[in-house]
Structure formats: C-alpha cells, structure tokens
Amino acid sequence: MAAAGELAGSFQDEVTCSVCLEYFTEPVTIECGHNFCRACITQHCEQWKRARPELSRPQCRAQFQTGEFRPNTQLNNIVQMIKQLRIKPGKEQREDLCERHEERLKLFCEEDGEAICWVCEKSRAHKTHTVVPIEEAAQDYKVKLQGALGPLRKELEQALALTSKEEKKTTEWQTKVKNKRETIAGEFNKLHTLLREEEQLLLQRLEEEERKTLQRLQENVTKLSRQSSSLQQLITEIEEKCRQTAAELLKDVKSTLTRSQSMKLQEPEAISTELKNMYKISLDMKETLERFWVDVTLDPDTANPWLVLSEDRKRVRRGDTRQDLPNNPERFDYCGFVLGAEGFLGGRRYWEVEVGDKTSWDLGVCRESVSRKGPVTLTPRNGYWAVWLRDGEYTALTSSMTPLPVSVRPSRVGIFLDYEAGEVSFYNVTDRSQLFTFTDTFSGTLRPYFYPGYSDGGKNAAALIICPVPAQAGGNLCP
C-alpha cells in the first residue's frame with residue numbers, strides 16, 4: 001500500500017505545474033523539456049522581464065526566449081483523464097511551498113541548513129551561499145545520518161549494558177540490605193530471648209537472696225523478742241520483790257541477783273542488707289553469650305596423625321611429619337581434623353577460638369556420628385556446620401557455599417550453639433559482628449570441630465587456640 005501511495009504521488013507530480021501547484025491548464029513545453037501552464041509561464045516571463053532583461057526558466061534556471069514554449073497536447077490529454085478520475089493534487093505538494101514566495105521548495109541552502117525556493121536563491125540572503133537541489137541534499141544527509149546511526153547504536157548498546165549492570169547492582173544491593181535486615185532482626189530476637197531468660201534468672205537469684213536474708217533477719221527478730229520477754233519478766237519480778245517485806249524480800253534474793261547478773265543481751269548476727277553485685281544486665285550480644293561459655297578441650301583420640309596438640313589440649317597445628325598413632329575408629333585418617341572432647345546433647349554453648357593471622361582454617365560443630373575415614377564433604381547434610389577461610393575469602397559451608405562479606409579481619413572467632421533452636425552462629429569477636437548463622441534441626445550428640453589447615457610453607461604454621469573461659473563469664477548456665 002505504501003508503494004502504491006508513493007507511485008500515485010509521483011504520478012501526480014508529473015501532471016502538476018511547479019508554479020501554481022495545480023493540474024496543468026493548457027500545458028506548454030519549453031526548450032529544456034519542462035512543462036508549465038500557459039498562463040503560469042506567461043506571467044512568469046512578464047514578471048521576470050520587469051526585473052531583469054534576460055529570462056530564466058522557473059525550474060532549471062537556464063536562459064530562454066519568450067517564444068520558445070509550445071503546446072503539449074499529449075500531456076493535456078493525460079491531465080484531462082486524471083481529472084475524470086477525480087484524483088486531486090496531493091497535500092504534500094501544497095505543504096512544500098516557501099512561506100515567503102509560495103514557490104516549491106526545490107533547493108537546499110547548506111549555510112542556513114534549510115530548504116528554499118528559486119526566488120530565495122536569487123535573494124541577497126542566499127545569493128553567496130552554496131545551494132544544491134533538495135533531492136541531492138537529502139541524499140547526502142541521508143548518508144550522513146546513516147553514518148551517525150552506527151556510533152549511536154554503540155552508545156545505546158553501552159547504555160543498555162550499563163543500565164543492566166546498575167539494575168543488577170540495585171538487585172544485589174537490595175538483597176544485601178534484606179539479608180542484613182534479617183540478620184539484625186534475628187540477632188535482636190536472639191538477644192531479646194536471652195535477655196528475657198537472663199531477666200528470669202536474675203529475678204530468681206534476687207528472690208532467693210531475698211528469702212534467705214529475710215529468714216535470717218526474722219530469726220534475729222525472734223531471738224531478740226525472746227530476750228526482751230525474759231528481761232521484762234526479770235525486771236517485773238525484781239520490782240515486786242522490792243515492794244515486799246524484809247523477810248519476803250530476803251527469801252531467794254541471792255538467786256534473783258544471780259539471774260539478773262547472768263542476764264546478758266545477745267546481739268543479733270550481723271546480716272548485710274547490701275545487694276550482691278550479681279544483677280548486671282548486658283545489652284551486648286557478646287557479653288550475653290558469655291553466660292553460656294564452656295571450657296572446650298581437644299580430643300587426641302580423634303586427631304589426624306599430622307596434627308600436633310598441646311599438652312593442655314587447647315592448641316592444634318599442622319605438624320611437619322606424620323605421627324605413628326593407632327588407627328582407632330575415632331581418628332580422622334584422611335582429613336586433618338580434630339574434635340572437641342565435649343559432646344552436646346542440648347542447651348546453649350559458646351566458645352571462642354584464636355585464629356590470629358592464619359591464612360587457612362575451619363571451625364564449627366559436627367555430629368559425633370560423622371565418618372572419620374576417607375575424604376568428607378563439609379555440608380550440613382553430611383553433619384558439618386562450619387565456616388572456613390581460604391585465599392583470603394570467608395565462606396559458610398552451606399550446600400552451595402555462601403561467601404561472607406567481612407570488613408574487619410577476625411583474629412578471634414566465637415561459636416554459639418543453640419541446640420533446641422537449631423542454630424549454630426559464628427561471630428567476628430574482633431569487631432563484634434555476626435559472620436553467619438546456620439539453621440537446622442539437630443539430633444544426637446554434637447561436638448566442636450577444628451581444622452588448622454596446611455602449613456603453606458610456614459605462612460599458616462600458627463596454631464588454632466581455644467580461648468580460656470573468662471573469669472567474669474557466667475559459665476555453663478544452660479542444662
């Protein structure tokens with residue numbers, strides 16, 4: 001349809017006068033081959049003669065003489081047939097007129113960048129300008145525009161790529177914020193739970209202290225009341241004896257004096273009414289967790305033969321030679337692991353491990369029933385809930401492995417096991433931030449798990465050190 005419309009438009013151009021923009025009326029042909037209405041070309045010749053002595057053709061601007069045009073009968077017949085078909089000149093031809101001269105815009109001024117008519121071309125405004133046919137200019141600029149499309153498409157491609165990148169960053173950022181929000185909410189829920197339990201514990205302690213102190217104070221009051229009653233009776237007896245006759249007064253007087261001399265007030269037991277310094281409320285997660293701190297030691301029967309344990313069983317490092325140790329069922333023979341001697345079947349437990357500047361390590365808990373022979377895969381499904389450091393990257397060993405963003409390198413790591421809640425949480429003790437929390441359902445005995453890593457040419461030779469229970473820690477307050 002579009003091609004047919006263009007064809008019809010071209011056809012109408014061929015039967016339209018370029019001066020009046022109407023169908024030809026008495027069309028005539030001049031020497032150059034262009035056609036005009038007789039009246040239009042005659043009027044043009046008269047107007048041009050008044051302005052200049054020589055004549056110029058309206059379309060091609062070539063010089064010609066007045067008598068050079070002749071009737072074009074064939075074109076006239078075609079015009080008449082088109083009129084019978086009632087095809088009117090297109091709207092486009094009327095719109096492509098110069099606003100000042102109402103002539104067809106057939107030329108293009110390069111300097112001003114606008115389409116002009118033949119009258120504009122001869123005016124002072126455009127006389128010295130470079131003027132080309134409008135079709136030629138359109139073709140030139142079409143080539144230039146098409147040339148501009150390549151860089152623009154590249155810019156668009158880059159803009160779309162950057163947009164996609166920013167959208168991805170936006171999604172990742174929102175995910176990080178969501179995870180952080182959930183972490184904060186989880187930590188505060190845990191803290192609220194621990195604080196409620198701490199509140200109950202402190203209230204129970206206070207109630208017990210109140211009961212014992214009140215009991216002792218009441219005993220003192222009872223003893224003093226009895227002494228007061230005895231003293232009052234003796235005083236009354238002596239007062240009555242003093243009112244008796246001489247014979248009655250002297251009767252048993254020595255016994256009365258002896259009793260009065262032996263009646264000595266016994267002062268009550270000194271009982272402090274100062275409250276003991278045991279009711280400090282902690283709003284710090286670490287201080288709260290310290291209430292559940294347990295003394296963890298290493299189990300030498302589980303240690304891989306390449307591992308060296310300290311005498312107090314608080315340190316473990318990778319040795320330089322494999323030790324000749326019995327291959328008992330409890331011992332890891334392939335992986336360089338060692339377990340804690342303590343097993344947990346419930347309650348809450350917390351311990352800390354000094355990792356210092358080590359470049360590789362694993363920490364966590366595992367089921368006591370894990371296989372000790374051959375290679376293992378560290379996932380919750382296989383009974384391991386652990387975090388490790390490899391190549392400067394911290395990772396939670398979930399089924400698909402979860403990278404952990406760490407802003408401050410931890411020199412000490414805290415592990416908190418909440419058996420009933422099904423949680424194992426890891427903390428960066430250095431900046432008091434949470435690293436990760438596993439959530440699962442536990443069954444059977446769980447034990448602390450340690451891996452000091454390879455020596456790495458001495459770079460990772462330092463030992464993992466289980467930190468001692470602080471003097472201010474509450475100890476194991478859970479069942």
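Only heavy atoms go into these numbers, but all of them, side chains included; no hydrogens, no water, no symmetry mates.
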Colleague: One thing to verify: whether Lys212 and Glu208 come together as a salt bridge, which I'm taking to mean a side-chain N less than 4.0 angstrom from a carboxylate O.
Modeller: yes
Colleague: Is Glu114 close to His126 at the side-chain level, that is, under 4.5 Å between some pair of heavy atoms?
Modeller: yes
Colleague: In Å and rounded to the nearest 0.5 Å, what is the NZ to CG distance from Lys314 to Leu309?
Modeller: 12.0 Å
Colleague: For the side chain of Asn328 and the backbone of Asp301, is there at least one donor-acceptor N/O pair under 3.5 Å apart?
Modeller: yes
Colleague: Can you tell me if CD on Glu267 sees more than 12 non-hydrogen neighbours from other groups inside 6.0 Å?
Modeller: no
Colleague: Determine whether more than 12 heavy atoms belonging to other residues, nucleotides or ligands lie under 6.0 Å from atom CZ of Arg412.
Modeller: yes
Colleague: Ser164 side chain to Ala161 main-chain N or O, any donor-acceptor pair under 3.5 Å?
Modeller: no
Colleague: When you measure from the side chain of Asp362 to the backbone of Trp388, do you find a donor-acceptor pair of N or O atoms at a distance under 3.5 Å?
Modeller: no
Colleague: Looking at Arg381, I'd like to know if its CZ atom is crowded, meaning that more than 12 non-hydrogen atoms belonging to other residues, nucleotides or ligands lie closer than 6.0 Å.
Modeller: no
Colleague: Out of curiosity, Asp440 CG to Trp385 CH2, how far, rounded to the nearest 0.5 Å?
Modeller: 5.5 Å
Colleague: Counting only heavy atoms from other residues, nucleotides and ligands, does the tally under 6.0 Å from CD of Glu393 exceed 12?
Modeller: no
Colleague: Please say whether more than 12 non-hydrogen atoms of neighbouring residues, nucleotides or ligands are located less than 6.0 Å from CD in Gln146.
Modeller: yes
Colleague: Does the side chain of Leu464 reach to within under 4.5 Å of the side chain of Leu363, using non-hydrogen atoms?
Modeller: yes
Colleague: Test your reading of the model: is there a side-chain donor-acceptor pair from Ser123 to the backbone of Cys120, 3.5 Å cut-off?
Modeller: yes
Colleague: Do you know which two heavy atoms are closest between Glu237 and Thr256, and how far apart they sit?
Modeller: OE2-OG1, 3.7 Å
Colleague: Looking at every non-hydrogen atom in both residues, tell me the closest pair between Trp361 and Val387 and how far apart they are.
Modeller: CZ3-O, 3.6 Å
Colleague: Using side-chain heavy atoms (C-beta onward) and a distance below 4.5 Å, is Phe332 in contact with Leu339?
Modeller: yes
Colleague: Do Arg409 and Leu389 pass the side-chain contact (heavy atoms from CB on, under 4.5 Å) test, and can you show the C-alpha distance, the side-chain angles, and the key distance before you say yes or no?
Modeller: CA-CA 11 Å; Arg409 178 187 178 93; Leu389 169 64; 4.1 Å; yes
Colleague: For a quick test of reading the model, state the closest non-hydrogen atom pair linking Val406 to Pro410 and the distance between them.
Modeller: CG1-CD, 3.9 Å
Colleague: Counting only heavy atoms not in Arg100, do more than 12 sit closer than 6.0 Å to its CZ atom?
Modeller: no
Colleague: Does the gap between the ring centers of Tyr449 and Phe337 come in under 6.0 Å?
Modeller: yes
Colleague: Measuring only between side-chain heavy atoms, which start at C-beta, is Val424 closer than 4.5 Å to Ile415?
Modeller: yes
Colleague: When you measure from the side chain of Arg104 to the backbone N and O of Leu97, does any donor-acceptor pair fall under 3.5 Å?
Modeller: no
Colleague: Does a salt bridge link Glu248 with Lys251, judged by any charged N lying under 4.0 Å from a carboxylate O?
Modeller: no
Colleague: Is there a side-chain contact between Asn220 and Glu269 (heavy atoms, below 4.5 Å)?
Modeller: yes
Colleague: Looking only at heavy atoms, which two atoms of Cys335 and Gly374 are closest? And how far apart?
Modeller: SG-O, 4.0 Å
Colleague: Do Gln244 and Val253 have side-chain heavy atoms sitting under 4.5 Å apart?
Modeller: no
Colleague: Grab the two heavy atoms, one from Arg318 and one from Ser455, that are nearest each other, plus how far apart they are.
Modeller: CG-N, 4.1 Å
Colleague: Are the side chains of Leu378 and Val376 in touch, meaning some heavy atoms are under 4.5 Å apart?
Modeller: yes
Colleague: Assess whether atom CZ of Arg390 is packed by more than 12 heavy atoms of other residues, nucleotides or ligands within 6.0 Å.
Modeller: yes
Colleague: Flag the pair Arg349 and Glu342 as a salt bridge only when some basic side-chain nitrogen lies within less than 4.0 angstrom of an acidic carboxylate oxygen.
Modeller: no
Colleague: Please tell me whether Tyr141 and Phe108 form a close aromatic pair, meaning their ring centres lie under 6.0 Å apart.
Modeller: yes
Colleague: Between Thr171 (side chain) and Glu167 (backbone), is there a donor-acceptor pair under 3.5 Å?
Modeller: yes
Colleague: Sub-3.5 Å donor-acceptor pair from the side chain of Arg447 to the main-chain atoms of Gly340, do we have one?
Modeller: yes
Colleague: Between the main-chain N or O of Lys358 and the side-chain N or O of Asp456, is there a donor-acceptor pair closer than 3.5 Å?
Modeller: no
Colleague: Could you measure the distance from the CD1 atom of Ile465 to the CG atom of Asp312? Nearest 0.5 Å is fine.
Modeller: 9.5 Å
Colleague: Within this structure, what is the CD-CG distance for the pair Glu135 and Asp140, rounded to the nearest 0.5 Å?
Modeller: 11.5 Å
Colleague: Taking atom CE of Met401 and atom OG1 of Thr379, what is their separation to the nearest 0.5 Å?
Modeller: 10.5 Å
Colleague: Mark yes or no for whether Glu111, through its side chain, and Thr130, through its backbone, hold a donor-acceptor pair below 3.5 Å.
Modeller: yes
Colleague: Please name the pair of heavy atoms, one in Gln227 and one in Lys264, separated by the smallest distance, quoted to 0.1 Å.
Modeller: OE1-O, 3.7 Å
Colleague: To the nearest 0.5 Å, what is the distance between CG (Asp333) and NZ (Lys373)?
Modeller: 4.5 Å
Colleague: Answer whether the closest heavy-atom distance between the side chains of Leu417 and Phe442 falls below 4.5 Å.
Modeller: yes
Colleague: Are there over 12 heavy-atom neighbours, none belonging to Asp391, within less than 6.0 Å of that residue's CG?
Modeller: no
Colleague: Looking at Asp299, is its backbone amide N or carbonyl O close enough to the side chain of Thr302 to form a donor-acceptor pair, meaning the two atoms are under 3.5 Å apart?
Modeller: yes
